[in-house]
Every structure is written in C-alpha cells, then in structure tokens.
Protein chains: 2
Amino acid sequence: MAVTIKDVAKKAGVSPSTVSRVLSNHPRISTETSQRVKAVMEQLGYHPNIMAKSLVSKTTNSICVLLPKPAEELFSNLFFMELIRGIVTQANRSGYDVLLSSGVNEKEELEAVSRLLNGRRVDGAILLYSRKDDPVVDFLYEHKYPFTLIGRSENHHDILTVDTDNVQASYDATKHLISMGHERIGFVSGPPNLVVSQDRLTGYRNAMSDSGLQVRSEWIVEGEFLQESGYRAMSFFMNLPQRPTALVVVDDMVSFGVLRGLHELKFKVPEDLCLVSFNNIPLSELSTPPISSIDIGIYHLGYTASQVLIQSIQNDSVTGPMPKRHIIPHRLMVRESSTFAVSNK
Amino acid sequence: MAVTIKDVAKKAGVSPSTVSRVLSNHPRISTETSQRVKAVMEQLGYHPNIMAKSLVSKTTNSICVLLPKPAEELFSNLFFMELIRGIVTQANRSGYDVLLSSGVNEKEELEAVSRLLNGRRVDGAILLYSRKDDPVVDFLYEHKYPFTLIGRSENHHDILTVDTDNVQASYDATKHLISMGHERIGFVSGPPNLVVSQDRLTGYRNAMSDSGLQVRSEWIVEGEFLQESGYRAMSFFMNLPQRPTALVVVDDMVSFGVLRGLHELKFKVPEDLCLVSFNNIPLSELSTPPISSIDIGIYHLGYTASQVLIQSIQNDSVTGPMPKRHIIPHRLMVRESSTFAVSNK
DNA sequence: CCTCCTTGTGGAACCGTTTGCTTTTATCTT
DNA sequence: AAGATAAAAGCAAACGGTTCCACAAGGAGG
C-alpha cells in the first residue's frame, strides 16, 4: 500500500539502490538523476519507512526518558514537565524522537528499559532521578548502553551525568538565611534514598558548621517531595518548645505544604518563619507570599542531558575525552518568604 | 553482536520459524520444544528486535502525542503533565510506547506528524488540543490515520474525540455563582481559536440568559492560558466603573494571575470578588485562598484518549459501531474563592 | 591505441522477524 | 498392515531499506 523505494525506482527508471543513494545524498549520483528521482518521490508521496531503515542501520534516532516509578509520587510534577520540555526540545532539534517510559515498580522499570534498549528500539536513555543503588543504572552500565543521569551516582563515577551542585546550592541557601541573622534553622529533607536529598542536607550542615551554628537533630525532618510532607514538617516544627526561625526546604512543592499549614495556623511568613527552597518551579513566585528558591535551571538541565546523551551516542566509537559530569549553574532567587531579618540576643 | 532468533535456533537445534512461534505462543508447538527454546533464550539473553518485528508486522505498538506548538505558551503545564500521565499509564498498560513530538510552528508540526505516521514509526496519534481549522487534523483525517482529539473538532464530526462537556461545565460554574446571589459576573476567556474557549464562553452566556441576567460586552475578556492574562484581566475589571462581583475564569492558571493581582491591590477574595475556574489542577486547592474549580478529570481524559485510540488501532478492520465522541464527566469543586454570597437590591 | 582511473549505476546480499506452505513424523482407522 | 489424518517443525519468501561489489562508459596518460 504505502509507496516504497522500489515504486519510486520503477517510476523513475532507476534501481532501488540509486534511489537510496539519492536519499542519503551520496556523492556519486549525478545531479540530473537526483533531481528526477526527487521529483518522482514528491509526485508519489514517498516517505521512507523508518523501521526498515533502523533495521539495517542499527540505529533508531530516538531516546527514551525513564520516569520515576509512580511519576506522581516523586518530586513535583512541574519539575518533570520542565525537564521533559528541555529534553524534547533539544532532542527534536538534533533529529531525535523521545519515548516516554515508566514502570510501576523497579522490576517493571527494568523490564521496560530492557525491552527498549535490548530490543534496539531506542539508542539511549535519560534517567530523571538518581536513587542510591539503582538497579536500572547498574543494568545500563553493565550493558554499556549510552545513558545520562540527571543527578549523580554514588556507585559509578564514570557515567554521563548532568547535575546541580546541590551541596553548594544548599550551602548558599543556608548562608543566605544566616546572613539575615537566623541561627535556628531547620531543614526539611526528601526521601533518604535520593542522592539529591543527601547532597542538600550536606550543604546545609556545612553552612551551619562553617558559621559556628549548631544543628540540632530535631531540626532535620525527612519526607517526600510532596506538599503533605511540608505540611507535616511544619506542624512538627511549630510544636517544638524552641521553634526554628527559618527553614531550608528541599523542594518548592514541599514549601507549598509548609505555607498552607502556616496559613491555617495563622502564622505569618516571613515574620514568624522564613523559607528558602529549591528548584524554583514556575509557581514559586506565584504563591502568597512568593517563595525564595534556588533556581537550578530545570529546563536547561533537561536540555543538556539530551545533548550530552546524543553526543555520546553519535561518538560512541570516537570515545574522545568527553567530560562525564556536567554541572548546571544555580542561582538563589530571593523573594518575600525569606526577607525577614532577625536580631539575635 | 546482539543475539538473534537464528542464534537461538541453532543452539536449540530448531529452525528460526520455530523460535518465532515459541515467541508468539503458536498452538502447534510442543511444550517440550517450547520449554527448550525458552531455556536457550534465557541462557543467551535473547531479546526480540522490535524494529524487525515492526517491519514485517507493519505495526509498531506505539503512539505519539502531539504537544501544542510551543508547549510553554498554551495552557498550564500541570494540565499537560496530568494528561500525559494518563496517556502513558494507559498506553503502557496496553503494551504501547508513547512518543512525544512537537513543532515550533504549524509547518514543523505537520512535518513531524507526517514523518512519524507516513514513516510508519507510530500507529496513531493523540492531539492534546483542538484548534479551529487545524491542518494537522485535516492531514490525519485525509490519510485515515487513527487519532484521537482531546477536545472536539468543529469541521469533522466523525473523528475520535475525548472531551469535557465544556458548555455544560461552564453553565454549571456560572449557575453556581448566580445561586450565591451574583449578578454581575465577568468571564475571562482563552484564545479565541481554541474550541474550548468558545464552548466555555457559550455555557456562560447560556447560564446568564437562562437566569435573566444581562451579559455586558465589557465583562468578557480574552487572553491566553497564562497567569499574565489573568493579571491583565483583573486590572481591567477592577478599573471598571461598575465592577463585577464574580468571575468565571477559563483556566486555573489564569486564576492564579487574577489572584496575584488582587492580592497586590489589597482586594480580598472572595469578599471583593468571587472566582470559579476550570480544570482543577493539583495546585488549585493549594493557593490562598483555594480556588473553586471544575474538575474535568484531566488524568482520566488522557487515559481515555489513549484507550480509545488503541482500540481503534486494533479494530481498524472490524470497524464496528464504535462511539466516536467520549465525554468525561466533570464536577464542580467548591472552595473558598467562591463562598461569598451577595444580596441584591 | 591500449590500459587505467573515475564516475554513475545496477545487482544482490543482508538486517531480524513473521508466516504460508510443505515436509516429516507419529497416531489412528479399518 | 496400509492409507488417512493430525501434529510438529522446517523452508523460503517477504517486509523496505542500505551497502558492498561489479560493471559500463568515457576520459586521461603513456
């Protein structure tokens, strides 16, 4: 039914191989033939069959994005949307298609990625998260498939990675609060098995101890990247005999939860509690009050992840000295939620 | 390099066709052979090459999702994220992969969709939006490719469609405000070339005239599905000599803009202005105050779109009496933003 | 004038599966 | 015991391209 290379060949009075060469701009095709063939292709409405091409070229010009298990449970959705926007934009620019894939648990994830990569349906993968001891990472690593990790791996140091310097970012956020006179600063963390949670916690600790401030264990609470976690953390902190005056919060979405809780309890932000969080999703400047947030360039992160992945796919033989770790710069966006200075003693 | 069906065949001492039949659970393969072959596959780490399979079966088990031109300009991102979540979840459940595709303008969009469908890379498409006179719709329609439209088409009535009854939804929203005693009700609309904008406007008009209320032309303003539009609409309305006491807003994101503007001008919601909007994205209950919104079941919309598309792909020969238009029920979520009753005269 | 390149094109094998048809082998009938 | 029937497996031709190799024709070099 569909018009094939042979139909074109017959109509143009040449062989299929010639048509194929016209398609790939082979140098040894006369301009005359080339034009004639192209005219016929146009006339017949010919479109190359991508599957057939992939079969012989062993390359698909597409990559897949692995969504974290239940996409709704991790991070804030806007974060992923931004990431995916960046990835798709860059990939399309490089002539690649993007395939979305997810699994409901680690086993399914692994099956999906195995099917896609072993089945030669995609040329590489992007992982949107970095967990500790991730079996998917191990799988990709062992099979030597091209892939990019957004975040960093603790086990392998020689894999492609696009990341924020989360330790530094958290250090900056904390220092910002300290510079406003805050000394009792709490930290609302994410799931402990996510590398990002750890890194941000480390930055916070470093900033505190560099400033000679003590970190009380009850000032650190763990949760998910969800509003509910923020809500819970908030009520925990506000019930403490000695409340913190400021919070570093691991994700904007969590901050929204904190904010909602404070509002319900009639606390005022930033007067009663200052907040700084991470990611600077498009909504963080929209909340009341607007939240100070570390802009980590989510779109840029995705864009770069796609870029380095595709580069590595195309250079797999060259294996030049390609940098493995890419750090996207971050920037603190100071907004109303952290603009209350306290004077101590 | 990769282990193929022939390697398995040789090692198991059977022919490639037998291996293939084992793969597809062909009835006339003895259990003994089947088990032996499966063991060899396991042992060799065999994975079927999806491209080769697609080439002969002329089916790819994947669909593509067409993102609106510049994804960032239309609608709120969370809306699309939810839609995509629904689509990917359902598609994966049905054994389909999802490919994301976008173009920066209509021409590029058309090229992308033509490449994917004419090139037989995907079996069908989902359009996330419905514009008036969309060339992409015409393309798909003329080529008889399976596709689903989220929204509805004005030109073609016999295409697969998953939609909210936006006229009714908007009617409900408006009636809700009227029942609270509001009579001066404004409407913040979206881009006029989007069918959804029109439908919601129609519902609003119907509700108003059914209640004997007049619609003043200055009470309707058009914009984009962006916060900025809400902000602008708000300042327009609040500068009117006779201000509306309530607003029906075409999208939650736009409501956020209205809210921000009102907050800046020290107006109170809902006392000074009541708000109802559409879509009920996860954040609308989080804003201060929480926004009343029509829940249109975004995830469900996406889920269903994928479901009917895949059904139609698989039944393309049967062509039974498949319903073309699917309506997802909506529900008004009343929250603080619309809970201020006014008494008239 | 003969050989040797170069240029442009055709022929055919191959990429990894599926599947209609055929062959082989085993199981019944009578 | 022989022919019929059914079950199991093999053969080979696709699917729609790409690409190595061969080959013809024309021009250059000796």
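Chain A is the first sequence line, chain B the second, and so forth, proteins listed ahead of strands; every chain is numbered from 1. What's counted below: heavy atoms across the whole structure, side chains too, no hydrogens, waters or symmetry copies.
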Interatomic distance, B:Leu127 atom CG to B:Leu160 atom CG [nearest 0.5 angstrom]: 12.0 Å

Sugar-phosphate only, base, or nothing, as touched by A:Gly119 at under 4.0 Å among non-hydrogen atoms: nothing

B:Thr60 and B:Ser62 side chains, donor-acceptor separation under 3.5 Å: yes

Pairs meeting criterion salt bridge (charged side-chain N to carboxylate O under 4.0 Å, His left out) with involvement of residues 91-105 of chain B, two or more places apart: A:Arg115-B:Asp97, A:Arg121-B:Asp97

Terminal axes of the helix from C:dC1-D:dG30 to C:dT30-D:dA1 (five pairs each): angle between them, nearest 10 degrees: 50°

Strand contacts (DNA chain D) in residues 45-54 of chain B, 4.0 angstrom heavy-atom criterion: none

Partner residues of B:His326 under the ring pair (Phe, Tyr, Trp, His ring centres under 6.0 Å) criterion, sequence neighbours left out: none

Non-neighbouring partners of A:Tyr145 that pass ring pair (Phe, Tyr, Trp, His ring centres under 6.0 Å), sequence neighbours left out: A:His143

Working for side-chain hydrogen bond (donor to acceptor under 3.5 Å, both in side chains), residues B:Ser17 and B:Ser20: CA-CA 5 Å; B:Ser17 20; B:Ser20 172; over 6 Å; no

All pairs passing salt bridge (charged side-chain N to carboxylate O under 4.0 Å, His left out) where residues 32-53 of chain B contributes a residue, at least two apart: none

A:Thr31 side chain to A:Ser34 side chain, donor-acceptor N/O pair below 3.5 angstrom: no

CA sep, side-chain torsions, deciding dist, call: B:Leu67, B:Ile84, side-chain contact (heavy atoms from CB on, under 4.5 Å): CA-CA 10 Å; B:Leu67 303 177; B:Ile84 292 175; 4.0 Å; yes

Contacts of A:Tyr303 that satisfy ring pair (Phe, Tyr, Trp, His ring centres under 6.0 Å) - sequence neighbours left out: none

Step-by-step side-chain contact (heavy atoms from CB on, under 4.5 Å) determination, A:Leu83 to A:Ile126: CA-CA 11 Å; A:Leu83 227 35; A:Ile126 296 180; over 6 Å; no

Touch class at under 4.0 angstrom, heavy-atom based, for B:Lys6 against every strand present: base

Check against side-chain contact (heavy atoms from CB on, under 4.5 Å), B:Val8 and B:Val22: CA-CA 11 Å; B:Val8 175; B:Val22 168; over 6 Å; no

Pairing residues for B:Tyr96 by the ring pair (Phe, Tyr, Trp, His ring centres under 6.0 Å) criterion, not counting sequence neighbours: none

Residues within residues 17-41 of chain B bordering DNA chain D, heavy-atom distance below 4.0 Å: B:Ser17, B:Thr18, B:Arg21, B:Arg28, B:Ile29, B:Ser30, B:Thr33

Where chain B begins and ends its contact with DNA chain C, read 5' to 3' at 4.0 Å from heavy atoms: C:dG16 to C:dG20

Derivation of the side-chain contact (heavy atoms from CB on, under 4.5 Å) call for B:Leu128 and B:Leu66: CA-CA 6 Å; B:Leu128 297 190; B:Leu66 299 174; over 6 Å; no

Contact boundaries on DNA chain D for chain A, cut-off under 4.0 Å to non-hydrogen atoms: D:dG16 to D:dC20

side-chain contact (heavy atoms from CB on, under 4.5 Å) involving A:Lys132 - partner list, sequence neighbours excluded: A:Glu154, A:Val195, A:Gln198

